[in-house]
Trainee: 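Structure incoming, see below.
Start at 1 with the first residue, then count along the sequence. Below, each value reflects all heavy atoms present in this structure, side chains not excepted, and no hydrogens, waters or symmetry copies. Given the structure is predicted, the values throughout are model-derived calculations rather than measurements.
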Amino acid sequence: MVVLGKISKFKMKILAITLARGGSKSIKDKNIKLLKNKPLIWYTIKEAKKSRYIKDYIVSTDSKKIKKISQKYKAEVPFLRPKKLSADKTKSSLALIHAVKFMEKKNKLKYDIIVELMCTSPLKNYKDIDNCISILIKKNADSAIAVKQLSDHHPARIKKLLKGKIKNFCIKEKMESRRQDLKPKAYIRAGAIYVLNRDYLLKMKHRYGSNKSYAYILPNNRAINIDEPNDFIMAETLIKRLK
């Protein structure tokens, strides 16, 4: 496996990828649906291009429509992803590996770091991206992942029902505890940025889970993930506040 800490950040070969398939069941054409007069994918493309680390950035899609719009905003779309890698249940890691192998063959090189930038997270910025990459390099990690802190949805407050009775799901809740008293702090993957050691991705075929997986805490006001129609309304509100 590549020892990243021994490679100058300016000599590292980094490939960033946005997976943007055409089929979306929750919202039709979600990846290119307009958010404040811009396609959703535009927000990720513009921030990827600002990164001080990323030189090679591509969009992997099975949709000619998404390809055309991505190219309009100067993103490289070197192939149309095979349908077998664009199904509902296809693992993201497999689509990433396909893109890595294609680009390595095309450019006749081997990358050191693979960065997945999810276009359903429109408010992340280039500093968040570069911070994730920096963590991977400094920690010589397998992966560095953007996470966000949970408050009202802390695991202690999550319950299961057994014959209609409320039971703790996995962590016993201290009775009448306030939200801010719940310990330890809990986090969830933000669905925004995954930075991966290339060899780890291709060998293990997943994006996280090893004991060398580190977190970058994405501020909650930039951590919205577009999944349902109401998320677009919330994202527009947050964009106004950030400006």
Side-chain angles (χ1 to χ4, degrees), residues 19-35 40 43-44 83-96 116-124 128 132 142-196 201 204-242:
L19 303 177
R21 69 186 186 92
S24 174
K25 291 186 175 180
S26 58
I27 304 172
K28 182 177 173 57
D29 293 330
K30 176 173 67 175
N31 292 321
I32 52 176
K33 181 178 172 65
L34 295 183
L35 172 62
L40 182 60
Y43 291 87
T44 295
K83 293 296 181 183
K84 67 179 181 179
L85 293 174
S86 305
D88 287 341
K89 295 183 180 181
T90 300
K91 294 180 180 179
S92 296
S93 59
L94 297 181
L96 290 174
E116 182 188 5
L117 302 176
M118 300 181 69
C119 68
T120 50
S121 171
L123 302 187
K124 64 184 177 301
D128 298 318
C132 265
D142 292 331
S143 60
I145 299 164
V147 302
K148 64 178 179 179
Q149 186 177 345
L150 294 173
S151 51
D152 285 341
H153 297 92
H154 190 281
R157 289 190 167 189
I158 298 174
K159 306 300 177 182
K160 60 184 176 182
L161 301 181
L162 294 177
K163 296 182 178 180
K165 295 180 181 178
I166 299 173
K167 302 291 183 180
N168 289 317
F169 192 87
C170 58
I171 297 177
K172 186 176 181 180
E173 181 181 11
K174 183 178 179 181
M175 293 299 98
E176 305 302 331
S177 57
R178 300 178 304 163
R179 169 172 59 86
Q180 55 268 39
D181 295 332
L182 297 172
K183 302 293 182 184
K185 292 181 179 179
Y187 301 87
I188 188 171
R189 286 181 285 120
I193 307 163
Y194 291 82
V195 181
L196 310 166
L201 170 65
M204 304 307 296
K205 294 182 171 56
H206 50 66
R207 299 172 295 167
Y208 54 90
S210 81
N211 61 3
K212 293 181 66 179
S213 183
Y214 289 84
Y216 168 70
I217 301 174
L218 191 64
N220 277 7
N221 65 343
R222 298 202 299 275
I224 187 168
N225 197 296
I226 304 294
D227 190 47
E228 301 294 339
N230 283 344
D231 294 333
F232 276 92
I233 298 172
M234 188 178 297
E236 288 188 358
T237 302
L238 288 171
I239 289 170
K240 291 176 182 178
R241 288 180 181 175
L242 288 172

Trainee: Mind checking side chain to side chain contact (heavy atoms under 4.5 Å, CB included) for Lys160 and listing every partner two or more places apart, or none if nothing turns up?
Mentor: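 Scan of Lys160 (side chain to side chain contact (heavy atoms under 4.5 Å, CB included), adjacent residues dropped) gives Leu162, Lys167, Phe169.
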Trainee: Can you list everything that forms a side chain to side chain contact (heavy atoms under 4.5 Å, CB included) with Tyr187? Sequence neighbours excluded, please.
Mentor: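 Tyr187: side chain to side chain contact (heavy atoms under 4.5 Å, CB included) contacts with Val147, Gln149, Lys185, Ile217.
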Trainee: Is it the case that the side chain of Asn225 and the backbone of Gly191 share a donor-acceptor pair, with hydrogens and angles ignored and the cut-off at 3.5 Å?
Mentor: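 Present.
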Trainee: Side chains of Asp142 and Ser213: does their closest heavy-atom pair fall under 4.5 Å?
Mentor: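 They are not in contact (no side-chain heavy atoms under 4.5 Å apart), so the answer is no.
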Trainee: Considering residues at least two apart in sequence or located in another chain, which fulfil the side chain to side chain donor-acceptor pair (under 3.5 Å) criterion with Asp29?
Mentor: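 In terms of side chain to side chain donor-acceptor pair (under 3.5 Å), with neighbours along the sequence ignored, Asp29 is linked to Lys65.
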Trainee: For Lys159, give me all partners under salt bridge (charged side-chain N to carboxylate O under 4.0 Å, His left out), at least two apart in sequence or on another chain.
Mentor: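 Glu173.
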Trainee: Keeping Lys30 on the side-chain end and Ile27 on the backbone end, is there a donor-acceptor pair under 3.5 Å?
Mentor: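 No; judged by distance alone, with no hydrogens or angles, the pair does not exist.
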Trainee: Would you sort out whether Leu19 and Met118 count as a side chain to side chain contact (heavy atoms under 4.5 Å, CB included), showing the intermediate values?
Mentor: CA-CA 7 Å; Leu19 303 177; Met118 300 181 69; over 6 Å; no
Trainee: Taking ring-ring contact (aromatic ring centres under 6.0 Å, His included) as the definition, give me every residue that meets it alongside His206, ordered by chain and number, with sequence neighbours left out.
Mentor: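 With sequence neighbours excluded, His206 shows a ring-ring contact (aromatic ring centres under 6.0 Å, His included) to Tyr200, given in chain and number order.
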Trainee: Is there side-chain contact between Ile239 and Tyr43, with heavy atoms separated by less than 4.5 Å?
Mentor: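 Yes, close enough: below the 4.5 Å cut-off.
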Trainee: Only counting residues at least two apart or in another chain, list the ones meeting side chain to side chain contact (heavy atoms under 4.5 Å, CB included) with Ile188.
Mentor: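 For Ile188 the side chain to side chain contact (heavy atoms under 4.5 Å, CB included) partners, ignoring immediate neighbours, are Lys148, Leu150.
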Trainee: Sequence neighbours excluded, which residues qualify as side chain to side chain donor-acceptor pair (under 3.5 Å) partners of Thr237?
Mentor: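 Per chain and number, Thr237 pairs via side chain to side chain donor-acceptor pair (under 3.5 Å) with no residue.
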Trainee: Would you say that Glu228 contacts Asp231 through its side chain, given a criterion of any heavy-atom pair below 4.5 Å between the two side chains?
Mentor: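 Yes - at least one pair of side-chain heavy atoms lies under 4.5 Å apart.
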Trainee: Per the side-chain contact (heavy atoms from CB on, under 4.5 Å) rule, which among Leu40, Thr44, Leu238 passes with Pro122?
Mentor: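 For Pro122, the side-chain contact (heavy atoms from CB on, under 4.5 Å) check succeeds only for Leu40.
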Trainee: Kindly indicate, with the supporting measurements, whether the criterion side chain to side chain contact (heavy atoms under 4.5 Å, CB included) is fulfilled by Ile158 and His153.
Mentor: CA-CA 7 Å; Ile158 298 174; His153 297 92; 5.6 Å; no
Trainee: With sequence neighbours excluded, what pairs up with Asp88 under the side chain to side chain donor-acceptor pair (under 3.5 Å) test?
Mentor: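 Partners of Asp88 under the side chain to side chain donor-acceptor pair (under 3.5 Å) test: Arg21, Lys25.
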Trainee: Test of understanding: with salt bridge (charged side-chain N to carboxylate O under 4.0 Å, His left out), list the residues that count as partners of Lys91, not counting sequence neighbours.
Mentor: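 If we apply the salt bridge (charged side-chain N to carboxylate O under 4.0 Å, His left out) test to Lys91, skipping adjacent residues, there are no hits.
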Trainee: A side-chain contact here means heavy atoms from C-beta on lying under 4.5 Å apart; do Ile145 and Ile193 qualify?
Mentor: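 No, too far: nothing below the 4.5 Å cut-off.
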Trainee: Can you check whether Thr90 reaches Lys84 side chain to side chain, under 4.5 Å on heavy atoms?
Mentor: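 Not touching, per the 4.5 Å side-chain cut-off.
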Trainee: Can you see whether Lys212 engages Ser143 through a side-chain donor-acceptor pair at a distance of less than 3.5 angstrom?
Mentor: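 Side chains of Lys212 and Ser143: no pair found under 3.5 Å.
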Trainee: Among all residues two or more places apart in sequence or in another chain, which pass the side chain to side chain contact (heavy atoms under 4.5 Å, CB included) test with Lys174?
Mentor: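 Lys174 satisfies side chain to side chain contact (heavy atoms under 4.5 Å, CB included) with Ser177 only.
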Trainee: With sequence neighbours left out, what residues match Tyr214 under side chain to side chain donor-acceptor pair (under 3.5 Å)?
Mentor: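 Testing Tyr214 for side chain to side chain donor-acceptor pair (under 3.5 Å), a comparison that skips the adjacent residues, returns none.
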Trainee: Test side chain to side chain contact (heavy atoms under 4.5 Å, CB included) on Thr120 and Asn31 and set out the steps.
Mentor: CA-CA 7 Å; Thr120 50; Asn31 292 321; 4.0 Å; yes
Trainee: Backbone N or O of Pro184 within a donor-acceptor pair of the His154 side chain at under 3.5 Å?
Mentor: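 Between the backbone of Pro184 and the side chain of His154 there is a qualifying donor-acceptor contact (under 3.5 Å).
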Trainee: Other residues, nucleotides and ligands only: do more than 12 of their heavy atoms fall within 6.0 Å of CG on Leu161?
Mentor: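 For Leu161, atom CG is crowded (more than 12 foreign heavy atoms under 6.0 Å).
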Trainee: Should Met234 and Ile226 count as side-chain neighbours, where that means a heavy-atom distance under 4.5 Å?
Mentor: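 Heavy-atom side-chain distance check fails, nothing below 4.5 Å.
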Trainee: Determine, stepwise, if the pair Asn221 / Arg241 fulfils side chain to side chain contact (heavy atoms under 4.5 Å, CB included).
Mentor: CA-CA 9 Å; Asn221 65 343; Arg241 288 180 181 175; over 6 Å; no
Trainee: Under 4.5 Å between any side-chain heavy atoms of Leu196 and Leu96, yes or no?
Mentor: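 Yes, close enough: below the 4.5 Å cut-off.
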Trainee: Tell me, do Pro219 and Asp128 make a side-chain contact under 4.5 Å, heavy atoms counted?
Mentor: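 Answer yes - side chains close enough.
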